[in-house]
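Inspection log for the structure reproduced underneath, given as structure tokens.
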Amino acid sequence: SSRSLRNNAEKFEFQAEVSRLMDIIINSLYSNKDIFLRELISNASDALDKIRFLSLTDKEVLGEGDTSKLDIQIKLDKEKKILSLRDRGIGMTKEDLIKNLGTIAKSGTSAFVEKMQSSGDLNLIGQFGVGFYSVYLVADYVEVISKHNDDKQYVWESKADGAFAISEDTWNEPLGRGTEIRLHLRDEAQEYLEESKLKELVKKYSEFINFPIYIWASKEVDDEVPADEDESSD
Ligand SMILES: COC(=O)c1c(O)cc(O)c(Cl)c1CCC(=O)Nc1cc(O)c(OC)cc1O
């Protein structure tokens, strides 16, 4: 997309292994792009498991009202061509965003990436905690908005061009707690804004997920009747 990263954001370089992985994903001829949704649902479920486990010993971590509802919300915005997936899991601090989405921490990942490149098979990308990067199969610009109990809300953004940026989030709706992944879909990935397609995929990938998943489709905006035009039928 033609967007540039926010100008007052703090800019970072991806660790070399992550850049390599992203290039493999973007240039891969791997055709089953649906797996990005499996990976995002899985990550959201893991984050929800983490906060639910913590809440067993400390009820406070759940907060009250909405933040105590442990669910996953998928929003389809056909006008803006954005698919977003939001969970009220444990969320990430600024440091978590830099570490979790900017580096590959686990050993053996490079060998795994080599194997994935030679086989061209991305299906196992969920191993080693790198499933997130599969979003670049369908998106050219990704925002990750996250709020952890121990920090403020931040926005991480990247076009997978070697850099990512992090800003304190002063413009999006407060999440309360959790993470929202906003995918600005590529032109060839518009099918992921179709409700029917998403319902089918969620059914397929949520068999072992212990949290409710809701799909919201933004209503089609019918052509606005210009204010000055007389709506009354003659
Ligand atoms: C805590 O996880 C999240 O907030 C989260 C989410 O709720 C939904 C998502 O789609 C994603 Cl991608 C995340 C971040 C998941 C993640 O990258 N976790 C992670 C990655 C690491 O490399 C790591 O290394 C120690 C630890 C992690 O938790």
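All ligand and atom numbering here is 1-based and tracks the order in the structure. Note that these values count all heavy atoms, side chains included, but never hydrogens, waters or copies made by symmetry. Residue numbers count from 1 along this sequence.
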**Study point:** Residue of the set Y141, Y136, Y192 for which ring-ring contact (aromatic ring centres under 6.0 Å, His included) holds with H184
**Key:**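 With H184 as partner, ring-ring contact (aromatic ring centres under 6.0 Å, His included) holds for just one option, Y141.
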Could you find the nearest protein heavy atom to [atom] and give me its residue, atom name and distance?
atom                    : value
atom 6 (C) of ligand 1  : D87 OD2, 3.4 Å
atom 15 (C) of ligand 1 : N43 CG, 4.5 Å
atom 26 (C) of ligand 1 : N100 OD1, 3.6 Å

Taking [Y]'s backbone N and O only, do any of them form a donor-acceptor pair with [X]'s side chain (distance below 3.5 Å, no angle check)?
X    : Y    : answer
R177 : R88  : yes
S146 : G178 : yes
Q15  : I104 : yes

Check your understanding: Any N or O on K50 sitting closer than 3.5 Å to an N or O of ligand 1?
Key ->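 Looking only at distances, the answer is yes, because the N/O contact criterion of under 3.5 Å is met.
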Exercise for review: Ignoring angles and geometry beyond distance, decide whether T179 reaches within less than 3.5 Å of ligand 1 through its nitrogen or oxygen atoms.
Suggested key: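 Yes.
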Practice item. Give, for atom CD1 of I72 and atom CG of L40, the distance between the pair rounded to the nearest 0.5 Å. Key: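 Rounded to the nearest 0.5 Å, the CD1-CG separation comes to 10.0 Å.
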Element-labelled atoms of ligand 1 that are located less than 4.0 Å from some non-hydrogen atom of [X]:
X    : answer
L40  : 10 (O)
I181 : 9 (C), 10 (O)
F132 : 12 (Cl)
A47  : 2 (O), 3 (C), 7 (O)
I90  : 1 (C)

Exercise for review: Specify the closest pair of heavy atoms between H148 and G91, including all atoms of both residues, with the distance to one decimal.
Suggested key: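 Result for this residue pair: CD2-O, 3.4 Å.
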Check your understanding: Under 4.0 Å from ligand 1, counting heavy atoms only, is it the side chain of E39, its backbone, both or neither?
Key ->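 Neither; no heavy atom under 4.0 Å.
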Exercise for review: Assess the side chains of D169 and N172: does a donor N or O sit below 3.5 Å from an acceptor N or O?
Suggested key: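 The answer is yes; a qualifying pair exists.
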**Study point:** Options M92, K99, H148, ranked by nearest heavy atom to atom 13 (C) of ligand 1, top entry
**Key:**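 The nearest heavy atom belongs to M92.
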Exercise for review: Please check if atom CD in E13 has more than 12 non-hydrogen atoms from other residues, nucleotides or ligands closer than 6.0 Å.
Suggested key: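 Check fails, neighbour count at 12 or below.
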